[in-house]
Amino acid sequence: MFKITLKNLLTVAKSQSPLHLSSIRLINSCRSSIHLRSNILCVNLCARSNGQKQNVKCYLIPFQPSRCLNKTAGQNKLDQGSKKYLWYLVISTFIVGACMLSTVGYSKVKRRLKGIENVTDENTRKMKHFFRYKGVVLPQFTENIVHKFENFEVRPDDVWVVSFPRSGTTWTQEIVYLINSNMDIEKAKTVSIDDRFPYLEYLTPGLDAISNLPSPRLIKTHLPLKLLPKDINKAKVIYVARNPKDTAVSYYHFCKLLKTFTGEFDFFLNGICSMVAACAGFWNIKDDPNVLFITYEDMCEDMEGNIRKIADFLGKTLSDKDVKYIEHHCSFDNMKNNAQVNYEWMRHLGVWDNKDKDNSHIRKGKIGEWRLYFNKETNYQINRMVAHKLNASGLTFKYDKDGAETTDQGDEKQTAKDST
């Protein structure tokens, strides 16, 4: 306050005449009690008037709290009003803060009551793009609709393609579409796979839009069996399984395409348990008449045989020409260069990271690429976990092409003994 008052004094002085400050000194410095006079500042100013030098002495009394004791009754009322205002401000701030905290706390409790939990990485940091529901890790965009899947209405003429992400889903969808549409090649070339074969969990077109689609509907989902609609046995279900090691590698590279993903490969190793559990769930019902269980590796090695197997399951008859066309249309090179199935529109919209031009939705399609990412110890631990999860189910995975997987199969049998 003292500095502000002095500054104002100098400003006024300069505006009146060519004055300048000659000296400043403190007098009557009395600080022992607030009832004594306050410090007085004596300012000597020197002015020139009619060519003669004149000295002017000004006294400046800086503001001190003790001077408030001499205020009038009106000023005291004003101070009391200010104090009330400050109290109201403090109390209202406290109430708003408490409401915000309670809202955050309520939302957390509400999520817990729905069975929704956060997912953390190896450093216990929250993975904000994933959550856990009934023990299953799901993408964040499904959180608000995950409780609706169970009661989704299933029709007897529905065809569902189900898989864990990055297990050959899009490949199988395109084969199923051509077979079920009686070889509608023109539509396959001009309409996006998302419009022909909608994704159940995704935000677009959404559950309501899929519910209102005309029959027969083709539906894709990555949900495990326990989260699928309770009447799923009414529809025809094709489940595609892939060995969990290659699935983890492919899923990792896919998520790297997303600008929002900052995780490491180890996060996907932790998800292998969920992959195996999802496969085992459908393996256990593979003999049901409405279920066809196929594998990515078998499709790679015998595409023609699997096309005919899918056609028989759907009750469709294909000519040899039709089979050859599907085999050509759905070859890896054609799928990778097909804009209707490769989701290149996501790159154009900026959803994907464009730095890695070689990485795309359909990437390599190879069996055994996991060997570039797994060391011996990691491989042993994964084999041990897979063997424990599958136990005596009879389900095995093919980890390499042309029979080279026998070593890992043996490792699984050995680790199965170790785990027991």
Exercise. Would Glu201 and Thr221 count as having a side-chain donor-acceptor pair, cut-off 3.5 Å?
Worked result: yes

Exercise. Residues in side chain to side chain donor-acceptor pair (under 3.5 Å) with Glu377, at least two apart?
Worked result: Gln381

For this session: Write out all pairs satisfying ring pair (Phe, Tyr, Trp, His ring centres under 6.0 Å) with one or both partners inside residues 304-323, taking only residues at least two apart or from two chains.
Result: none

Exercise. Do Ser319 and Asp322 meet the criterion of a side-chain donor-acceptor pair at a distance under 3.5 Å?
Worked result: yes

Exercise. Are any of the side-chain nitrogens in Glu301 or Lys398 under 4.0 Å away from the carboxylate oxygens of its partner?
Worked result: yes

For this session: Could you list the residues that satisfy side chain to side chain donor-acceptor pair (under 3.5 Å) with Thr170, not counting sequence neighbours?
Result: His361

For this session: Can you run down the salt bridge (charged side-chain N to carboxylate O under 4.0 Å, His left out) pairs that involve residues 173-189, sequence neighbours left out, and say none if there aren't any?
Result: Glu174-Arg196

For this session: Could you name each residue pair satisfying salt bridge (charged side-chain N to carboxylate O under 4.0 Å, His left out) that touches residues 303-313, not counting sequence neighbours?
Result: Glu304-Arg308, Glu304-Lys324, Arg308-Asp320

Exercise. Rounded to the nearest 0.5 Å, how far does CD1 of Ile219 lie from OG of Ser211?
Worked result: 8.0 Å

Problem set entry | Pairs flagged by salt bridge (charged side-chain N to carboxylate O under 4.0 Å, His left out) wherever residues 207-220 is involved - sequence neighbours left out | Asp158-Arg217

Exercise. Ile326 versus Leu318: any side-chain heavy-atom pair under 4.5 Å?
Worked result: yes

Seminar exercise, completed: Those residues at least two apart in sequence (or on a different chain) that pass side chain to side chain donor-acceptor pair (under 3.5 Å) with Arg132 are none

Problem set entry | All ring pair (Phe, Tyr, Trp, His ring centres under 6.0 Å) counterparts of Phe141, not counting sequence neighbours | Tyr202

Exercise. Does the ring center of Tyr251 lie less than 6.0 Å from the ring center of Phe268?
Worked result: yes

Exercise. Do Val237 and Val161 touch side chain to side chain, with heavy atoms closer than 4.5 Å?
Worked result: no

For this session: Not counting sequence neighbours, which residues clear side-chain contact (heavy atoms from CB on, under 4.5 Å) with Ala277? List them please.
Result: none

For this session: For Phe152 and Asp231, run side chain to side chain contact (heavy atoms under 4.5 Å, CB included): C-alpha distance rounded to whole Å, both residues' side-chain angles, the deciding distance at 0.1 Å, then the answer.
Result: CA-CA 8 Å; Phe152 182 83; Asp231 294 330; over 6 Å; no

Problem set entry | Aromatic centroids of Tyr373 and His253 separated by under 6.0 Å | yes

Exercise. Residues two or more places apart in sequence or in another chain: which of them pass side chain to side chain donor-acceptor pair (under 3.5 Å) with Thr295?
Worked result: Asp298

For this session: State, yes or no, whether a side-chain contact exists between Pro198 and Leu213 at a heavy-atom distance under 4.5 Å.
Result: yes

For this session: Decide whether Asn180 and Lys236 meet the rule of one side-chain donor and one side-chain acceptor closer than 3.5 Å.
Result: no

Problem set entry | For Phe293, ring pair (Phe, Tyr, Trp, His ring centres under 6.0 Å) partners two or more places apart | Tyr239, Trp283

Exercise. When the ring centroid of His147 is compared with that of Tyr133, is the distance short of 6.0 Å?
Worked result: no

Problem set entry | Nearest-0.5 Å distance that lies between atom CD1 in Ile193 and atom CD in Gln340 | 9.5 Å

Exercise. Between Ser167 and Arg242, does any side-chain donor sit less than 3.5 Å from a side-chain acceptor?
Worked result: no

Problem set entry | Leu225: side-chain contact (heavy atoms from CB on, under 4.5 Å) partners, not counting sequence neighbours | Leu228, Phe282, Ile285

For this session: State, with a plain yes or no, whether a side-chain heavy atom of Ile294 is found less than 4.5 Å away from one of Leu292.
Result: yes

Exercise. Quick one: which of Val341, Ile175, Asn338, Ile307 gives a side chain to side chain contact (heavy atoms under 4.5 Å, CB included) with Cys330?
Worked result: Ile175

